[in-house]
Amino acid sequence: MLPFIRSDLAQFTAYKPHPSSDTAEAVPAQFDRLDTNESPYDLPAELKEKLAWTYQQVIETNRYPDGGHETLKEAIAEYVNESAGLASSAFTAANISVGNGSDELIRSLLIATCLGGEGSILVANPTFSMYGILAKTLGIPVVTVGRNETNFEIDLKAAQSAIEQNPNPPIRVVFVVHPNSPTANALTAAELAWLRSLPKHILVVIDEAYFEFSQTTIIGELAQRHNWVVLRTFSKAFRLAALRVGYCVGNQDAIAILEKVRLPYNLPSFSIAAALIALQNRTLLLDSIPQILSERAKLITALSLHPALEITASATNFIYLRLQSNASHPQDATLKILNQKLRNYGTLVRLLSDGLRITVGTPEENSRTLNRVNAALTNLEPQQISQ
Ligand SMILES: Cc1ncc(COP(=O)(O)O)c(C=O)c1O
């Protein structure tokens, strides 16, 4: 360890993105990337052409980007209002902060709330790992509670008692995903009621990264709840994961703080242009969603037929697959083998301690997923799965 580095960073490992074909970790050149919940569809050629035209004719690469993001924030506010069925003036640019992916906004929220020993965060595992990872890199303690094993609802009793125990530093932020990743369930009425009951000095971050797939949002409630903010991203349904654009919606005071802590030119001009083009052409881009949802239904129905698998309902563009319990063989070991076999066949999925998260891909990818999961299970040692 370098002597000038903060001592707690010694235990950290760098985030490992999924392997590209030029890494030492060999994966087949043509693999199905179903491990990061992106849209399976690239931006349509006509939109890439528009973007290329903007790049050639409008963007001056010697100039800094628009650091205020005003035009983009106005376009986002219009979309947010429209998608929640609100009046066109309900949210304005002053209610929006834009980040280099919503990952950046998560870090800004942590900086604005908990840094300097002022607060801890609460998460219910399994959930999106970056809340915990980013908090720890900032030296912010992470309090974790579990979820119901069947429907993945947050253990609300444990969550409430974690807050009442008043840890040092106290819980300042609760992060939830709606619908949750990796378990694909939307917030229930009980979870929402608990979030509403939280005191005003606790910030509630509702991450709606998958809103366009779930079509459930709490945006309509945001105006009355000044301790709630919503995160969204262009990385999923809007097909711009490569360009890193996310946004936060909240009351003007909270947004003003986020604007204070962000880097001045956090979004490249190209990314700003791409997000604007995506919003202007949202009908075209979001047209693929019904097909993805019907593919999801087919995938769930077909995988549920396998006696070794347990698939739960999904409100989004990925599914969570667990193995039926088999006391004679540890689940995590079998899941690792299954994950490795799928990778060997050419399908990347996300391995978690209790299950596998599989993104819904193109129809061709999904049919390969079905065949490969079945083949991988057939080739497992009989004692590794319960039939
Ligand atoms: C729940 C959730 N939030 C945020 C993100 C990150 O999004 P972005 O690409 O905008 O950083 C992801 C990405 O997988 C996610 O699943």
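For this chain, numbers begin at 1 and follow the sequence in order. All ligand and atom numbering here is 1-based and tracks the order in the structure.
Residue contacts with ligand 1 for M130 are absent, since no atom lies close enough (heavy atoms, distance under 4.0 Å). Under 4.0 angstrom from ligand 1, the non-hydrogen atoms of Y210 all belong to its side chain. In R244, the part holding a heavy atom less than 4.0 Å from any atom of ligand 1 is the side chain. Counting heavy atoms under 4.0 Å from ligand 1, residue D103 touches it through both backbone and side chain.
Atoms of ligand 1 found under 4.0 Å from any heavy atom of S235 (numbered from 1 in listed order, with element): 8 (P), 9 (O), 10 (O). For ligand 1, the atoms lying closer than 4.0 Å to a non-hydrogen atom of G101 are 8 (P), 10 (O), 11 (O). Contact atoms of ligand 1 toward V177: 1 (C) (distance under 4.0 Å to a heavy atom of the residue). Near A209, with a cut-off below 4.0 Å to any heavy atom, the atoms of ligand 1 are 1 (C), 2 (C), 3 (N). If you number the atoms of ligand 1 from 1 as listed, the ones under 4.0 Å from a heavy atom of T233 come out as 7 (O), 8 (P), 9 (O), 10 (O).
Looking only at atom types and distance, the side chain of T127 has no donor-acceptor partner in the side chain of N125 under 3.5 Å away. The closest side-chain donor-acceptor pair between N317 and Y210, if any, does not fall under 3.5 angstrom. Under the 3.5 Å distance criterion, with hydrogens and angles disregarded, a donor-acceptor pair is assigned to the side chains of T217 and R232. Of the N and O atoms on the side chains of Q160 and W194, at least one donor lies less than 3.5 Å from an acceptor on the other residue. Inspection of the N227 and H201 side chains reveals no N or O donor paired with an N or O acceptor under 3.5 Å. At a cut-off of 3.5 Å, with distance as the only test, no side-chain donor of R262 or S108 sits close to an acceptor on the other residue. Side chains of T359 and N37: a donor on one and an acceptor on the other come within 3.5 Å. In this model, a donor atom of one side chain and an acceptor atom of the other lie less than 3.5 Å apart for E295 and N366.
Taking each of S129, G99, S102 in turn, the one with a heavy atom nearest to atom 8 (P) of ligand 1 proves to be S102.
Here Y79 and Y247 keep their ring centres 6.0 angstrom or further from each other.
Not one N or O of Y131 is nearer than 3.5 Å to an N or O of ligand 1, by distance alone.
Of the protein's non-hydrogen atoms, the one nearest atom 13 (C) of ligand 1 is K236 NZ, 3.1 Å. Here the protein heavy atom with the shortest distance to atom 15 (C) of ligand 1 is F128 CE1, 3.5 Å.
The shell of residues lying under 4.0 angstrom from ligand 1, judged by heavy atoms, includes D207.
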